[in-house]
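Heads up, the thing below is written out as structure tokens.
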Amino acid sequence: MTQFTRAIRRLALVLPAALLAPQPLLAQEPAAPTPEYLTPADGTPWIYEGSDVPRDEEWTFGELPNGLRYAVRRNAVPPDQVSVRVRIDAGSLHEEESELGYAHLLEHLLFRESKYLGPAEAIPTWQRLGATFGSDTNAETSPTHTVYKLDLPNVDEAKLAESMKLLSGMVRSPVLSDENIRAEVPIVLAEKRERAGPSERAGNASRGVLFAGQRLATRTPIGTEATLSAATGSSVSAFYNRWYRPENAVVVAAGDMDPMQLAAEIEKWFGDWQGEGAHVPAPDFGDPVAPAGANPENPVGEAGVIVEPDLPRSFSYAIMRPWRPVLDTVAYNEGLLRDALAQALINRRLEARARAGGSYLYAQVAQDDVSRSADMTFVTFAPLTPDWKAALDDIRGVIADALATPPSQEEIDRELAEFEIVFQSQVEQRRVLPGPRLADDIVNAVDIREAVAAPETVLMVFNSMKETLTPERVLDHTRALFSGDVIRAAYVTPATGEASEQAIRNALLETADADADARLAAQSVSFDELPPLGEPGQITAQGPIGVLDIEQVEFANGVKAILWANDAEPGRVAVKVRFGAGYRAIDPEDAVHANLGYAALIGAGIGELGQEELDLLSTGRKFGFDFETGDGAFTFYAQTREADLDEQLYLFAAKLAMPGWDPNPVARAKAAGKLAYESYSANPGGILQRDLEYLLRDSDPRFRTPTPEMFDAATPEDFREVWEPLLKQGPVEVLVFGEFDKATTIETLRETFGALPPREAPSAEVLNRPVDFPEAGETVVRHHRGDANQAAAVVAWPSGAGVENLRESRRLEVLASLFNNRLMDAMREHAGASYSPVVRSDWPSDVNSGGRIAALAQLRPEDVPVFFAEAERIAKDLASAPVTEDEYNRVVEPLRQYVSRASTGNLFWLYQLEGASVDDRRIALLRYLLADYTQTPPAELQALAQKYLASREGWKLAVIPQGQDLATSASAGAAVSGR
């Protein structure tokens with residue numbers, strides 16, 4: 001097993017293999033400064049106050065005299081990056097009625113202008129530092145907090161100091177002027193508009209019912225148009241001064257740097273921060289309270305029926321209890337584990353009923369502490385028919401049985417095995433947990449007022465309490481989960497008159513009959529009982545591919561494997577199997593089965609094993625079984641671990657060798673497809689999801705979203721007729737990257753994929769089946785049934801495809817990033833017309849057609865011509881002159897850092913090398929990858945713009961409200977262009 005460090009993996013993109021030996025350290029790093037306010041070694045860190053949970057020693061904590069708290073830790077995943085989070089304990093629940101939306105508006109305003117950053121300078125400044133806007137620099141506002149996020153790549157002491165300075169200026173000294181608020185409010189309203197529609201309305205209405213009488217019922221982070229439009233510098237400053245105070249702030253930094261340096265920078269830039277005026281306590285969020293006269297034994301309260309014609313049916317009811325802060329002790333966490341076990345037992349029974357053809361598509365039980373407003377046990381499900389009560393009765397029957405009778409020890413042991421594999425995997429993978437996730441873990445723990453625990457602690461707690469999980473104790477926790485102060489329900493339906501609030505209350509007031517048939521019979525399925533797939537295959541070739549220590553193995557039956565055994569990511573093995581010809585092999589009349597394959601092919605089973613038996617096989621193991629139809633190949637994918645790799649490979653190979661054809665998953669997938677179809681028309685985004693790929697591929701039937709009529713006509717027999725021959729197609733390529741024993745895995749491959757019969761090669765007609773691009777001309781118009789102020793627009797140009805010009809595809813991604821920055825500036829910053837326009841370059845490498853560059857935005861109907869005019873102007877500008885050095889660097893530096901970070905992980909190399917056993921040009925082209933992204937001169941990018949953007953008119957699509965005509969005036973766009 002190779003031991004290339006994560007840093008040396010990056011050098012493989014730029015250095016010959018002979019130079020990839022680890023080099024000695026030339027000099028010691030200078031000593032880091034000593035922070036003043038660290039928690040003493042014998043003290044209790046602030047996050048562990050009142051807790052007996054063992055401290056995670058990798059975190060260092062501190063608390064400043066002004067009340068600000070911080071946590072820092074060294075973490076080298078990815079290398080040379082530091083992740084910083086600044087959390088403010090104020091969200092939408094802290095707003096008064098006249099301030100709705102202010103917490104989120106402030107999130108925007110802090111990026112607009114602050115002490116060290118002039119107007120609209122934040123995004124370009126972070127880009128120059130190598131941080132990508134939207135992923136490396138971002139923020140979030142929830143009901144209970146606002147968090148500012150920075151993942152800073154290629155960090156050193158100077159860049160860290162500059163970044164902490166900029167962050168401190170944003171958080172401590174934003175410029176909250178009337179001018180900045182006038183500039184930012186239209187962007188927030190554009191974001192609000194893009195979110196709006198039936199789903200948003202249904203969510204708000206449901207929240208109003210479930211949290212009746214509490215602040216959460218009427219406060220969402222996005223706010224209202226009235227309060228946002230009325231915002232002034234004075235009113236927003238009042239909200240800021242009330243809540244943006246050091247005692248309400250937590251700063252977290254995790255990354256590839258001495259924790260003492262991280263702590264010192266936090267203390268330097270936040271240590272003298274003082275709040276204005278007296279500290280204001282958080283408002284009372286309220287408690288869930290049953291209405292007068294409710295039965296304490298079954299306290300059914302408010303119910304709501306929300307009619308949205310374009311949404312599928314969904315039903316939620318919740319057993320609600322007041323939320324209270326807890327002492328995060330070991331005993332408390334043992335209780336959480338027992339609660340989780342009780343939920344898992346019920347959910348497995350509910351899922352088994354749905355798989356067998358029940359009255360609902362899905363159903364789930366989940367306990368959650370929601371926004372420090374309620375401790376709730378949710379029951380959510382989707383009825384398959386208008387008879388929602390039949391589905392509700394079925395689900396309540398399953399729950400009633402769980403409340404009446406203890407589970408069997410076999411059921412408990414099965415769920416415990418599932419828990420154990422999760423907790424063990426977390427311990428195994430601790431060394432490769434990424435810094436952003438670790439920083440977010442602290443933020444989330446602070447939000448729910450709990451501590452953090454190392455993976456070893458979680459496993460220790462689990463192991464120490466396993467023996468206490470008797471059926472009777474699980475029953476006690478199940479009953480506690482379904483006891484509360486009030487029960488509330490919300491039903492979303494497309495049909496008026498299908499339900500009433502009183503009918504829902506009456507249904508919940510009825511005594512549910514326990515359904516003992518829901519219990520799962522004890523079964524035992526073992527891999528030892530499964531048949532071999534054939535005689536082990538013969539290896540015909542084996543050797544290195546010339547990159548790092550990656551090898552290729554070829555078998556006599558034509559199967560090829562690409563393997564990289566390394567220890568860079570302990571406890572992780574990624575497996576991908578590519579076979580057949582993908583969409584090329586789908587006949588146009590079989591498009592519905594391509595869609596059903598994604599949802600039902602894996603569930604249809606292997607041999608005589610259905611989904612239930614496969615689940616039993618996976619008990620106590622870490623398996624995956626994702627399936628995808630790609631442009632040029634079908635793929636199976638899994639994240640597993642070395643202990644389970646042999647069985648994972650067997651399952652993938654068995655799916656090809658002896659697929660099962662259980663009809664129930666097909667019927668369930670058809671029902672899901674039909675329920676989802678009408679919801680596509682609910683807003684512009686749904687229409688794009690439904691139609692864009694189909695339209696961009698010149699209305700090729702293979703890429704059409706099936707209609708309900710198409711689903712009705714599809715049968716399990718037809719499904720098998722389509723997929724059975726496709727599963728026999730070659731070529732087959734297996735990629736295994738991660739921590740495993742290479743010799744053992746090669747032998748397993750001989751016994752599994754090497755034992756398969758030779759695969760059938762797709763015909764030349766299939767392999768050469770093209771994907772066409774639509775002719776430009778009149779704007780294509782589609783209509784949605786959502787809000788009258790919502791629209792979407794797309795303009796696209798054809799590009800290339802295939803491996804031969806793969807280097808050009810990388811350069812096109814640079815060009816698309818430049819286009820994206822300019823479009824964002826035009827549509828968001830200057831026009832305020834769209835919250836998040838985006839430009840993407842798609843270059844399929846497995847096939848020789850179908851590439852395109854596409855710009856997309858959601859906006860108001862009247863701004864559609866503005867978008868088209870701006871996109872065309874930018875395309876022409878990119879073709880007419882090279883970009884400036886600063887603009888070029890703002891794109892190239894984030895790309896450089898992204899590639900540098902990504903190349904330290906196994907998935908990066910797996911993605912780059914998939915298909916290499918079929919076309920080995922991919923291997924040779926790897927050496928140019930970093931240069932193509934970071935060393936393409938502006939003049940070459942200009943030439944690409946001339947070739948792809950200026951050589952022909954863009955194809956256009958507009959999605960506008962039903963009943964409206966497409967706007968044609970671009971006067972607003974002209975005003976923007978003339979800035």
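Side chains included, hydrogens not; waters and symmetry mates left out as well; all remaining heavy atoms used.
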Quiz prompt | Asp615 vs Arg355, salt bridge (charged side-chain N to carboxylate O under 4.0 Å, His left out): CA-CA, chis, key distance, verdict | solution = CA-CA 12 Å; Asp615 281 354; Arg355 286 175 177 173; 2.6 Å; yes
Practice problem: Using a strict cut-off of less than 4.0 Å between a Lys/Arg side-chain nitrogen and an Asp/Glu carboxylate oxygen, indicate whether Asp662 and Arg668 qualify as a salt bridge. | Solution: no
Quiz item: Are the charged groups of Lys947 and Glu808 less than 4.0 angstrom apart, N to O?
Solution: yes
Quiz item: What are the two closest non-hydrogen atoms of Ala657 and Leu533, and how far apart are they?
Solution: CB-CD2, 4.2 Å
Quiz prompt | Residues, nucleotides or ligands: over 12 heavy atoms within 6.0 Å of Glu535 CD | solution = no
Quiz prompt | Expected output: side-chain Trp909 to main-chain Ser903 donor-acceptor under 3.5 Å | solution = yes
Quiz item: Judged by atom type as modelled, is there a donor-acceptor pair below 3.5 Å linking the side chain of Tyr898 to the main-chain atoms of Gly130?
Solution: no
Practice problem: Any pair with a residue in residues 574-583 that passes side-chain hydrogen bond (donor to acceptor under 3.5 Å, both in side chains), sequence neighbours left out, goes on the list, sorted by first then second residue, please. | Solution: Lys576-Glu914, Arg578-Glu733, Arg578-Asp846
Practice problem: Could you walk me through whether Val577 and Thr635 pass side chain to side chain contact (heavy atoms under 4.5 Å, CB included), step by step? | Solution: CA-CA 5 Å; Val577 178; Thr635 61; over 6 Å; no
Quiz item: Would you call Ile586 and Leu726 a side-chain contact if the rule is heavy atoms closer than 4.5 Å?
Solution: yes
Practice problem: List the atom of Glu613, the atom of Gly610, and the distance in Å for their closest heavy-atom pair. | Solution: OE1-N, 2.8 Å
Self-check item: Interatomic spacing from CG in Asp772 to CG in Leu696 - rounded to 0.5 Å
Solution: 12.5 Å
Quiz prompt | Validation row: Val77, Thr904 side chains within 4.5 angstrom (heavy atoms) | solution = no
Exercise. May I ask you to check whether over 12 heavy atoms, not counting those of Glu589, lie within 6.0 Å of atom CD?
Key: yes
Quiz item: Does Ala604 offer a backbone N or O that forms a donor-acceptor pair with the side chain of Trp661 under 3.5 Å?
Solution: no
Quiz item: Between the side chains of Glu554 and Gln542, is a donor N or O closer than 3.5 angstrom to an acceptor N or O?
Solution: no
Quiz item: Nearest heavy-atom pair of Pro894 and Ala131: which atoms, and what distance?
Solution: CG-O, 4.1 Å
Quiz item: Has the side chain of Gln648 got a donor or acceptor atom that lies under 3.5 Å from a matching backbone atom of Gly624?
Solution: yes
Self-check item: Within residues 629-656 or reaching into it, pairs that qualify as ring-ring contact (aromatic ring centres under 6.0 Å, His included) - sequence neighbours excluded
Solution: Phe579-Phe634, Phe579-Phe636, Phe625-Phe636, Phe625-Phe652, Phe627-Phe636, Phe634-Trp723, Phe636-Phe652
Quiz item: Is Glu693 paired with Arg852 through a side-chain N to carboxylate O contact shorter than 4.0 Å?
Solution: yes
Quiz item: If you take all heavy atoms of Val559 and Phe753, which pair is closest and at what distance?
Solution: CG2-O, 3.6 Å
Quiz item: How long is the gap from CD on Glu747 to CG on Leu749, to the nearest 0.5 Å?
Solution: 9.5 Å
Could you go through residues 812-820 and list every donor-acceptor pair under 3.5 Å that involves a side-chain atom there, pairing it with any protein atom two or more places apart or in another chain?
{"unit_1": "Glu813", "atom_1": "OE1", "unit_2": "Tyr933", "atom_2": "OH", "d": "3.4"}
{"unit_1": "Glu813", "atom_1": "OE2", "unit_2": "Tyr933", "atom_2": "OH", "d": "2.9"}
{"unit_1": "Ser817", "atom_1": "OG", "unit_2": "Glu813", "atom_2": "O", "d": "3.1"}
{"unit_1": "Asn820", "atom_1": "OD1", "unit_2": "Val839", "atom_2": "N", "d": "2.7"}

Self-check item: Leu601 and Lys655, any side-chain heavy atoms less than 4.5 Å apart
Solution: yes
Exercise. Just do the side chain to side chain contact (heavy atoms under 4.5 Å, CB included) check on Val736 and Leu645 with the steps written out, would you?
Key: CA-CA 9 Å; Val736 186; Leu645 177 58; 4.0 Å; yes
Quiz prompt | Verdict with reasoning, Ser135 to Thr132, per side chain to side chain contact (heavy atoms under 4.5 Å, CB included) | solution = CA-CA 6 Å; Ser135 55; Thr132 304; 3.4 Å; yes
Exercise. Taking all non-hydrogen atoms of both residues into account, name the closest pair between Ala581 and Pro762 and its distance.
Key: CB-CG, 3.9 Å
Quiz item: Is the closest side-chain heavy-atom distance between Phe737 and Trp564 below 4.5 Å?
Solution: yes
Quiz item: Taking Thr934 for the side chain and Leu930 for the main chain, is one N or O donor matched with an acceptor at less than 3.5 Å?
Solution: yes
Quiz item: When you look at CZ of Arg840, are more than 12 heavy atoms from neighbouring residues, nucleotides or ligands closer to it than 6.0 Å?
Solution: no
Quiz item: Do the non-hydrogen side-chain atoms of Val771 and Arg702 ever get within less than 4.5 Å of each other?
Solution: yes
Quiz item: Is a salt bridge present between Asp587 and Arg769, judged by a nitrogen-to-oxygen distance below 4.0 Å?
Solution: yes
Quiz item: Would Gln729 and Arg759 satisfy side chain to side chain donor-acceptor pair (under 3.5 Å), going step by step from the backbone distance to the final call?
Solution: CA-CA 5 Å; Gln729 276 190 356; Arg759 317 309 287 171; over 6 Å; no
Exercise. Mind checking the CD-OG spacing from Glu804 to Ser845? Nearest 0.5 Å is all I need.
Key: 13.5 Å
Practice problem: Could you tell me which residues satisfy salt bridge (Lys or Arg N to Asp or Glu O under 4.0 Å) with Arg572, sequence neighbours excluded, listed by chain and number? | Solution: Glu569
Quiz item: Quick one: side chain to side chain donor-acceptor pair (under 3.5 Å) partners of Asn75, sequence neighbours excluded?
Solution: none
Quiz item: How far does CG of Leu895 sit from OG of Ser900, to the nearest 0.5 angstrom?
Solution: 12.0 Å
Practice problem: Please report the shortest heavy-atom distance between Ala902 and Phe908, naming the atom on each side. | Solution: O-CB, 3.0 Å
Quiz item: Step by step, would you call Asp646 with Thr744 a side chain to side chain contact (heavy atoms under 4.5 Å, CB included)?
Solution: CA-CA 9 Å; Asp646 292 350; Thr744 300; 4.3 Å; yes
Quiz item: Under 3.5 Å, is there a donor-acceptor pair between the Gln912 and Arg922 side chains?
Solution: no
Self-check item: Option from Val573, Leu735, Asn566 for which side-chain contact (heavy atoms from CB on, under 4.5 Å) with Asn906 holds
Solution: Asn566
Practice problem: State whether Lys560 and Asp920 are salt-bridged, where the test is any N-O pair (Lys NZ or Arg NE/NH1/NH2 against Asp/Glu carboxylate O) under 4.0 Å. | Solution: no
Quiz item: Looking at side-chain heavy atoms only, is the closest gap between Arg641 and Ile421 below 4.5 Å?
Solution: yes
Self-check item: Modelled atom types, side-chain donor and acceptor of Tyr928 and Gln935, under 3.5 Å
Solution: no
Quiz item: For Thr715 and Asp718, does a side-chain donor sit closer than 3.5 Å to a side-chain acceptor?
Solution: yes
Self-check item: Straight-line distance of Asp932 CG to Arg811 CZ, nearest 0.5 Å
Solution: 4.5 Å
Quiz item: Going from CD on Glu647 to CG on Leu617, what distance comes out if it is rounded to the nearest 0.5 angstrom?
Solution: 9.5 Å
Quiz item: With sequence neighbours left out, which residue pairs that include part of residues 590-604 fulfil the side-chain hydrogen bond (donor to acceptor under 3.5 Å, both in side chains) condition?
Solution: none
Practice problem: Would you tell me whether Gln897 and Glu893 have side-chain atoms, one donor and one acceptor, within less than 3.5 Å of each other? | Solution: yes
Quiz prompt | Side chain proximity check, Leu651 to Leu614, heavy atoms < 4.5 angstrom | solution = yes
Self-check item: Any donor-acceptor pair under 3.5 Å from Thr640 side chain to Lys622 backbone
Solution: yes
